[in-house]
Amino acid sequence: MTKAPKALTSAGVDVFDVPRLRLVEAEPPRLSPADEAARDRAWQRAVEANPDLFDGPVAACAGVAWEGPHRLVLSWTRVTYRHYALRRVPGNRAWLPSLFVYVVQPTDDGRMLIARMSSSTSTPGRWQLPGGSVEPPQDGAELDEEALRAHAARELVEETGVDLPARQLALWAVTRGAHRSIGLAHLAPPRPAKELREAFEAMTAAERTAGRAPELDRITLVSCPAELAGLAGPHVDYLEPIVRRYTNTAR
């Protein structure tokens, strides 16, 4: 393994240019009885505060290393969302970072779609990009770049109504931010702004008709990082660095 390439660091978030990625499954973490008890207490408190939380399977980041300057080796392991409750335990370092995908969806006039989480989610009112935690594969399937693209495309259509083949997504950047969490940014082809808005409106209307609360309750289009300051509510930590990177490269 080699030294990590130089990262663009902004707002406490590292942004890496990673053309190639290799994923390796690792053994699940072994927690002490004390850590398990602390995790369960923290999880129970979190559920009491937000009953919409669920303890489903999720892939956590077990390690990051480099094979040469352009290939990232990402170790992952199977946990459930309960594992991340250890972050809420002061001084505890037994938890693993989260692993998630998200999509940079540009417009054909150089802007970028960002979205706000709805009140039914674990982070209501937070601005971010469409995406979600990586789920472990089932039935012997492999977690690889193709699977990550498929997951990113599924998150995009489920959250915004924008439907595109997974093969049209390309791994564009890797971010490392709060809690050492690893985000895998996928770049989508540009689309007309009108088309993006109509897809989102149709999707959210269909969700509400079906009696479900959409994960995202609003989208907007930004052309530069300065426009983020005008959005009320918290922003996910990677948002400003990724908007900055996109607007710089799109010029």
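None of these values were measured; they are calculated from a predicted model. Sequential numbering from 1 along the given sequence is applied to the chain's residues.
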4.5 Å side-chain heavy-atom contact, [X] and [Y]:
X: R126; Y: P234; answer: yes
X: R208; Y: P214; answer: yes
X: V64; Y: V174; answer: no
X: V103; Y: T160; answer: no
X: L113; Y: F200; answer: no
X: E227; Y: V243; answer: no
X: P106; Y: L187; answer: yes
X: L129; Y: M112; answer: yes

In terms of hydrophobic clusters joined by side-chain contacts under 4.5 Å, are [X] and [Y] together?
X: V222; Y: V13; result: yes
X: L216; Y: V236; result: no
X: V58; Y: W43; result: yes
X: V101; Y: V79; result: no
X: L164; Y: I114; result: no

Is there a side chain to side chain contact (heavy atoms under 4.5 Å, CB included) between L221 and R197? Walk through the geometry before answering.
CA-CA 10 Å; L221 304 172; R197 291 193 178 98; 3.5 Å; yes
Side chain of [X], backbone of [Y]: donor and acceptor closer than 3.5 Å?
X: S118; Y: E215; value: yes
X: H186; Y: Q168; value: no
X: W127; Y: A232; value: yes
X: E159; Y: V157; value: no
X: T247; Y: S223; value: no
X: E201; Y: L196; value: no
X: H179; Y: S98; value: no

Can you tell me if [atom1] on [X] sees more than 12 non-hydrogen neighbours from other groups inside 6.0 Å?
X: R88; atom1: CZ; value: no
X: E27; atom1: CD; value: no
X: R20; atom1: CZ; value: no

At what distance, to the nearest 0.5 angstrom, does [atom1] of [X] lie from [atom2] of [Y]?
X: E146; Y: R167; atom1: CD; atom2: CZ; result: 11.0 Å
X: R116; Y: T123; atom1: CZ; atom2: OG1; result: 12.0 Å
X: E36; Y: R30; atom1: CD; atom2: CZ; result: 12.0 Å
X: R45; Y: E48; atom1: CZ; atom2: CD; result: 8.5 Å
X: Q105; Y: I219; atom1: CD; atom2: CD1; result: 9.5 Å
X: R87; Y: R39; atom1: CZ; atom2: CZ; result: 14.0 Å

Begin with the C-alpha distance, continue with both residues' side-chain angles, and end with the deciding distance and a verdict on side chain to side chain contact (heavy atoms under 4.5 Å, CB included) for L96 and H83.
CA-CA 8 Å; L96 295 175; H83 177 82; 3.8 Å; yes
Do you know which two heavy atoms are closest between [X] and [Y], and how far apart they sit?
X: F100; Y: S181; answer: CE2-CB, 4.0 Å
X: D55; Y: Y81; answer: OD1-N, 3.3 Å
X: L169; Y: R149; answer: O-CD, 3.0 Å
X: A59; Y: W76; answer: CB-CE3, 3.8 Å
X: V89; Y: A42; answer: CG2-CB, 4.1 Å
X: L53; Y: V47; answer: CD1-N, 4.1 Å

Output yes when E25 and R78 qualify as a salt bridge under the 4.0 Å nitrogen-oxygen rule, no when they do not.
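The answer is yes: the pair qualifies as a salt bridge.
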Strictly below 4.0 Å, N to O, side chains only: are K194 and E198 in salt-bridge contact?
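A salt bridge is present here (some side-chain N lies under 4.0 Å from a carboxylate O).
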Option among L74, L99, L171, L21 that satisfies the side-chain contact (heavy atoms from CB on, under 4.5 Å) test with L148:
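The side-chain contact (heavy atoms from CB on, under 4.5 Å) with L148 is passed solely by L21 among L74, L99, L171, L21.
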Can a side-chain donor-acceptor contact be found between T175 and R245 if the only test is distance below 3.5 angstrom?
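No, no side-chain donor-acceptor pair sits under 3.5 Å.
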Assess whether side chain to side chain contact (heavy atoms under 4.5 Å, CB included) is satisfied between D217 and T204, documenting all intermediate values.
CA-CA 8 Å; D217 63 10; T204 53; over 6 Å; no
Ring pair (Phe, Tyr, Trp, His ring centres under 6.0 Å) partner of Y238, the single match among Y102, Y246, F16:
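Going through Y102, Y246, F16 one by one, the ring pair (Phe, Tyr, Trp, His ring centres under 6.0 Å) with Y238 is satisfied by Y102 alone.
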Decide side chain to side chain contact (heavy atoms under 4.5 Å, CB included) for H235 and E240; before the verdict, give the C-alpha distance in whole Å, the side-chain angles of both, and the deciding distance to 0.1 Å.
CA-CA 8 Å; H235 302 171; E240 189 275 341; over 6 Å; no
